Amino acid sequence: MAERLTVARPYAEAVFALAAEEKRLPHWQSALALLRAVSEAPKVRELLNNPKTDVAAKMKMFAEVCGDALDAGGKRLAEVLLRAGRIGLMAEIETLFLQRKEAAEGTVEATIETALPLDATQENEIRAALAKHTGRKVDAQISVNPALIGGTRITVGDTVIDASVQGRLAVMARELHA
């Protein structure tokens, strides 16, 4: 994974620099999401991995699938990645771009899973605590996951704070088997 991120980083940095210069960060975020989704589609991946398919045919396929949803800049990026044999790095490129975007905007994305629905006060308290902890504005996606049994599981970047009953039971099970 680290090697893929290392290879993807220059592409993500270049796209971020262009997006920031153009003041079109949300546009490029959407373009990268589209390129990732298309490149990960099973039939597309099969075509991309076929050594008998040339870059022109792959580019044509991307243009047809994406249609007008992908502008000239997005098409150029796809072509550069196809010619370099790096289109398979779209997920990493998108992830690195989003990290740079969040840092530039002073935000961080968080995923909050709860066993039971939260009321507005609880949501605000969790967001405030995360903002204080990270020093950034928190853009949180909140979902209910009954499998947690109780408590919450919060993911911010690579950090997971598991305060769920399910997580505690898993820790206890590992300790008992050790």
Side-chain angles (χ1 to χ4, degrees), residues 1-114 117-118 120 123 127 130-131 134 136-145 153-160:
M1 178 67 172
E3 290 176 15
R4 292 178 59 86
L5 286 173
T6 301
V7 175
R9 191 171 316 283
Y11 297 102
E13 294 289 334
V15 172
F16 178 81
L18 177 63
E21 178 183 314
E22 295 176 344
K23 296 184 184 348
R24 296 177 66 198
L25 290 172
H27 165 78
W28 276 99
Q29 180 179 348
S30 298
L32 292 174
L34 176 62
L35 287 171
R36 178 196 37 80
V38 171
S39 68
E40 290 178 348
K43 288 186 178 184
V44 172
R45 188 176 302 161
E46 183 180 314
L47 177 75
L48 293 174
N49 291 333
N50 185 343
K52 293 180 182 178
T53 307
D54 65 357
V55 173
K58 293 175 184 179
M59 229 1 262
K60 182 180 180 205
M61 180 271 313
F62 261 90
E64 289 173 359
V65 172
C66 296
D68 292 337
L70 195 62
D71 69 353
K75 289 176 183 174
R76 279 194 306 277
L77 175 62
E79 184 175 2
V80 166
L81 294 171
L82 286 166
R83 289 192 188 285
R86 305 282 195 221
I87 197 73
L89 296 173
M90 277 311 307
E92 290 83 359
I93 293 169
E94 180 185 26
T95 298
L96 292 166
F97 175 88
L98 289 174
Q99 288 172 354
R100 284 293 311 270
K101 178 180 178 279
E102 290 170 358
E105 294 174 341
T107 63
V108 65
E109 283 210 18
T111 304
I112 302 169
E113 294 177 273
T114 63
L118 299 175
E123 283 185 26
R127 288 177 201 266
L130 287 173
T134 62
R136 296 182 177 171
K137 180 182 174 228
V138 176
D139 181 20
Q141 302 298 321
I142 300 173
S143 62
V144 176
N145 181 357
R153 180 182 307 140
I154 301 170
T155 306
V156 180
D158 294 339
T159 304
V160 177

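It should be emphasised that the depicted structure is a prediction, and the values quoted were computed from it without experimental measurement.
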Q: Supply the atom-to-atom distance Gln29 CD to Lys101 NZ, rounded to the nearest 0.5 angstrom.
A: 4.0 Å
Q: Closest heavy-atom contact between Ala8 and Glu92?
A: CB-CB, 3.7 Å
Q: Quick one: closest heavy-atom pair of Pro10 and Thr6, and the distance?
A: CD-O, 3.3 Å
Q: Please name the pair of heavy atoms, one in Val44 and one in Ser39, separated by the smallest distance, quoted to 0.1 Å.
A: CG1-CA, 4.2 Å
Q: Is it true that a side-chain atom of Arg86 and a backbone atom of Val7 form a donor plus acceptor pair closer than 3.5 Å?
A: no
Q: Determine whether Leu81 and Ile93 satisfy the following criterion, side chain to side chain contact (heavy atoms under 4.5 Å, CB included), listing intermediate values before the conclusion.
A: CA-CA 11 Å; Leu81 294 171; Ile93 293 169; 3.8 Å; yes
Q: To check you understand the geometry: which heavy-atom pair defines the closest contact between Ala131 and Val138, and what is its length?
A: N-CG2, 3.5 Å
Q: Any chance you could measure Leu5, atom CG, to Glu3, atom CD, to the nearest 0.5 Å?
A: 10.5 Å
Q: Heavy-atom distance under 4.5 Å between the side chains of Ile142 and Arg127, does that happen here?
A: yes
Q: Would a distance-only check, ignoring hydrogens and angles, find a side-chain to backbone donor-acceptor pair under 3.5 Å from Ser30 to Pro26?
A: yes
Q: Strictly distance-based, threshold 3.5 Å: is any side-chain N or O of Lys58 a donor or acceptor partner for the main-chain N or O of Leu48?
A: yes
Q: Nearest 0.5 Å, please: how far is CG in Asn49 from CZ in Arg45?
A: 7.5 Å
Q: Can you measure from CZ (Phe62) to CG (Leu70) and round to the nearest 0.5 angstrom?
A: 8.5 Å
Q: Any side-chain heavy atom of Arg24 sitting closer than 4.5 Å to one from Asp71?
A: yes
Q: Check this for me, if you would: do Asp54 and Arg83 make a salt bridge, where the nitrogen-to-carboxylate-oxygen distance has to be below 4.0 angstrom?
A: no
Q: Work out which heavy atom in Leu25 is nearest to a heavy atom in Ala20; give both atom names and the distance.
A: CD2-N, 4.0 Å
Q: Can you confirm whether Cys66 sits close enough to Val38 that some side-chain heavy atom of one is under 4.5 Å from a side-chain heavy atom of the other?
A: yes
Q: With side chain to side chain contact (heavy atoms under 4.5 Å, CB included) as the test, would you mind laying out the steps for Leu32 and Leu77 before giving the verdict?
A: CA-CA 9 Å; Leu32 292 174; Leu77 175 62; 3.6 Å; yes
Q: Using modelled atom types and a 3.5 Å cut-off, is there a donor and acceptor pairing between side-chain atoms of Arg153 and backbone atoms of Glu113?
A: no
Q: Working note: Ile87 + Met90, criterion side chain to side chain contact (heavy atoms under 4.5 Å, CB included); need CA distance, chi angles, decisive distance, verdict.
A: CA-CA 6 Å; Ile87 197 73; Met90 277 311 307; 4.1 Å; yes
Q: At what distance, to the nearest 0.5 angstrom, does OG1 of Thr114 lie from CD of Glu123?
A: 8.5 Å
Q: Side chain to side chain contact (heavy atoms under 4.5 Å, CB included) for Ile154 and Leu130? Distances and angles first, verdict last.
A: CA-CA 9 Å; Ile154 301 170; Leu130 287 173; 3.8 Å; yes
Q: Tell me, do Tyr11 and Val80 make a side-chain contact under 4.5 Å, heavy atoms counted?
A: yes
Q: If you define the side chain from C-beta out and look only at heavy atoms, does anything of Met61 sit under 4.5 Å from Thr53?
A: no
Q: List the steps, then state whether salt bridge (charged side-chain N to carboxylate O under 4.0 Å, His left out) holds for Lys75 with Glu79.
A: CA-CA 6 Å; Lys75 289 176 183 174; Glu79 184 175 2; over 6 Å; no
Q: Salt-bridge test for Arg9 and Glu13: reply yes if a basic N is under 4.0 Å from a carboxylate O, no otherwise.
A: no
Q: Considering non-hydrogen atoms only, spot the tightest contact between Glu22 and Trp28 and give its length.
A: OE1-NE1, 3.1 Å
Q: Any salt bridge between Glu102 and Arg136, counting N to O under 4.0 Å?
A: no
Q: What's the spacing between Glu94 CD and Gln99 CD if we round to 0.5 Å?
A: 11.0 Å
